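Read the structure below first, then the notes.
What you see is a predicted model; the values in this text were computed from it and never measured. Order of the sequence lines fixes the chain letters, A, B, ..., with proteins taken first and strands second; residue numbering starts at 1 for each chain.
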Number of protein chains: 2
Amino acid sequence: MALRHAVLAALLHGEYSGYQLAKAFDIGVANFWHALPQQLYAELAKLEKDGLITGRQVIQETRPNKRLFQVTDAGFAELETFAAAVSKPSFIRDDLLVKIHAVDRIDTSPLIEQLEERASAAEARAGLLTSLLDTMRGALDEEEYLRTGERIGPYLTCLRGLSFEREHRAWCLRTAAVLRERRQARAER
Amino acid sequence: MALRHAVLAALLHGEYSGYQLAKAFDIGVANFWHALPQQLYAELAKLEKDGLITGRQVIQETRPNKRLFQVTDAGFAELETFAAAVSKPSFIRDDLLVKIHAVDRIDTSPLIEQLEERASAAEARAGLLTSLLDTMRGALDEEEYLRTGERIGPYLTCLRGLSFEREHRAWCLRTAAVLRERRQARAER
DNA sequence: TGTGTCATGTAAGTCGTTACATGATTGA
DNA sequence: TCAATCATGTAACGACTTACATGACACA
């Protein structure tokens with residue numbers, strides 16, 4: 001009962017096909033929700049059945065046909081109810097952190113590599129989010145945009161994502177450096 | 001196949017009962033993994049059946065009896081294999097961020113409240129993590145501890161958690177301020 | 001000629017959540 | 001006396017993951 005609302009929120013700023021939604025879940029929505037395309041297609045079907053979204057067929061000539069979805073009034077009402085209810089605590093799941101927790105008992109060299117790869121990935125994502133923010137903001141500076149802009153929801157969640165990626169990168173680099181130094185120290189003994 | 005490794009990693013620094021594990025998943029492990037007590041009891045049973053941990057009964061007089069678990073050699077080997085394999089991308093899920101994404105179409109006053117509650121919760125958790133780190137570090141300063149300490153895994157993951165909580169708090173307060181200001185501006189028109 | 005993009009799903013199996021169930025002791 | 005802590009689970013249901021399936025066009 002929760003992917004539902006993430007999909008509704010993502011569908012709020014225009015019509016999307018399942019395929020386009022999947023992209024959105026890889027970029028902007030990834031800042032607060034993670035879902036695979038199969039889940040999205042299934043959820044879109046359920047949402048339509050429940051009348052929270054409506055789909056319309058778009059026939060294309062050079063591309064496969066697609067269905068575009070938009071939120072109905074019932075969908076907006078559902079989001080409103082959801083927003084007023086208490087939020088579940090946010091949750092994180094990270095394989096790499098599990099490994100780092102176990103670092104005192106396992107070989108660190110694959111971990112150092114993974115940390116550095118992660119740092120690069122986080123940097124790349126931070127860059128992507130930065131340019132996304134630039135685009136949304138247009139000519140305005142951030143304060144002005146947040147005061148007067150019309151669609152600040154995605155902007156705000158991207159800001160959170162950006163700060164997350166930057167911090168994640170910094171932590172990965174720091175941790176990799178610590179593990180490298182300890183390796184070296186052990187090798188010299 | 002993933003809670004498994006989080007449990008093994010959590011069990012690495014001593015014996016735990018299911019109940020104590022659940023506590024650990026509320027505090028330190030929460031920085032990278034989330035699981036409910038029922039899941040932990042079930043997972044402990046599976047891990048024992050698979051020979052990755054062993055349990056021993058401890059009879060108590062004033063308290064209900066309990067079973068303490070520790071990682072076996074097979075368990076360590078499993079963790080080693082896991083650590084060397086590629087990590088899945090980390091994933092986040094946050095109800096409140098879903099709501100903020102939809103902020104342009106819904107009533108913001110419950111969101112402002114929730115953001116401020118979250119900020120307080122994040123601050124409290126940051127305080128808790130700070131004192132946890134102090135305890136682990138003992139008399140040493142951080143650099144020294146990370147260079148020479150014997151059990152730095154939990155320390156490193158707590159550092160990540162602390163930075164997460166601080167950034168989360170800052171974002172919540174900023175976002176709440178933005179929404180408040182916009183509310184006010186609309187009221188004055 | 002092969003890789004990437006567009007486009008949508010099904011099926012099987014695993015995992016996670018919610019609700020329920022019990023019961024003694026400790027401390028405010 | 002009431003709430004919290006210690007201690008461990010089961011059962012039913014809903015959500016998620018992994019693997020599979022198809023097929024045309026664009027671009028290098």
Any donor-acceptor pair under 3.5 Å linking the side-chain atoms of A:Gln70 with those of A:Tyr16? no
*Are any of the side-chain heavy atoms of A:Tyr19 and A:Leu40 separated by less than 4.5 Å?*
no
_Quick one: does any side-chain atom of A:Thr157 pair with a main-chain N or O of B:Leu97 as donor and acceptor, under 3.5 Å?_
no
Report task. Anything under 30° is parallel, anything over 60° is perpendicular, the rest tilted; go ahead and classify A:His101 against B:His13. Result -> perpendicular
message: Is it the case that the side chain of A:Trp171 and the backbone of B:Leu156 share a donor-acceptor pair, with hydrogens and angles ignored and the cut-off at 3.5 Å?
response: yes
Whole-Å distance, A:Tyr16 OH to C:dC6 C1', equals 17 Å
Open item on the list: Base, sugar-phosphate or nothing for A:Arg4? Non-hydrogen atoms, less than 4.0 Å.
Closed with: nothing
Does C:dT17 have OP1 or OP2 under 4.0 Å away from a side-chain N or O of B:His34? yes
| said: Can you see if the side chain of A:Gln39 gets near the phosphate of D:dT17 - specifically, an N or O under 4.0 Å from OP1 or OP2? | reply: yes
Would the distance check show the side chain of B:Thr81 and the main-chain N or O of B:Ala77 forming a donor-acceptor pair, the cut-off being under 3.5 Å? yes
Value for OG (B:Ser90) from NE2 (A:His168), rounded to nearest 0.5 Å, stands at 5.0 Å
Taking C:dA7, D:dT18, D:dC6 as options, the one with an atom nearest any side-chain atom of A:Pro64 is C:dA7
All N/O contacts under 3.5 Å from nucleotides 12-14 of chain C to the protein, with atom names and distances to one decimal?
none

Measuring only between side-chain heavy atoms, which start at C-beta, is B:Leu111 closer than 4.5 Å to B:Ile106?
yes
In short, salt bridge (charged side-chain N to carboxylate O under 4.0 Å, His left out) pairs touching residues 97-113 of chain A with sequence neighbours left out are A:Asp107-A:Arg183
From CG of A:Asp26 across to P of C:dA7 the rounded distance in Å is 16 Å
Check nucleotides 1-3 of chain C for protein N or O atoms closer than 3.5 Å to its own N or O atoms and list the pairs.
none

Would you say the side-chain atoms of B:Glu144 pair up with the backbone N or O of B:Gly149, donor to acceptor, closer than 3.5 Å?
no
- Item | Face-on cation placement of B:Arg160 at A:Phe164 ring, 6.0 Å and 45° thresholds | yes
When rounded to whole Å, the CG to P distance for the pair A:Leu44 and C:dA7 reads 14 Å
With A:Leu146 as partner, the option from A:Leu140, A:Ile152, A:Asp141 fulfilling side-chain contact (heavy atoms from CB on, under 4.5 Å) is A:Ile152
Below 3.5 Å is the cut-off: list the nitrogen or oxygen pairs between protein and nucleotides 25-28 of chain D, distance only.
none

Contact list (N/O, under 3.5 angstrom) for nucleotides 8-10 of chain D vs protein:
{"residue": "D:dT8", "atom": "OP1", "partner": "B:Arg67", "partner atom": "N", "Å": "2.9"}
{"residue": "D:dT8", "atom": "OP2", "partner": "B:Gly18", "partner atom": "N", "Å": "3.4"}
{"residue": "D:dT8", "atom": "OP2", "partner": "B:Tyr19", "partner atom": "N", "Å": "3.0"}
{"residue": "D:dT8", "atom": "OP2", "partner": "B:Tyr41", "partner atom": "OH", "Å": "3.2"}

Rounded to whole Å, the CG-C1' distance (B:Leu36 to C:dT18) equals 9 Å
Axis-to-axis angle for the helix from C:dT1-D:dA28 to C:dA28-D:dT1, ends of five pairs each, to 10°, equals 60°
Whole-Å distance, B:Leu40 CG to C:dG16 C1', equals 12 Å
| said: Using a 3.5 Å distance criterion without hydrogens, assess whether the side chain of B:Asn31 forms a donor-acceptor pair with backbone atoms of B:Gly28. | reply: yes
Review point. Would you say B:Thr175's side chain and B:Cys172's backbone share a donor-acceptor pair under 3.5 angstrom?
Key: no
Would you please say whether a donor-acceptor pair under 3.5 Å links the side chains of A:Gln20 and A:Ser17? yes
*Determine: side-chain N/O of A:Lys23 to OP1/OP2 of C:dT5, distance under 4.0 Å, yes or no.*
no
Can you see whether B:His34 engages B:Arg93 through a side-chain donor-acceptor pair at a distance of less than 3.5 angstrom? no
Check your understanding: Can you find a side chain N or O atom of B:Lys88 that sits less than 4.0 Å from OP1 or OP2 on D:dT18?
Key -> yes
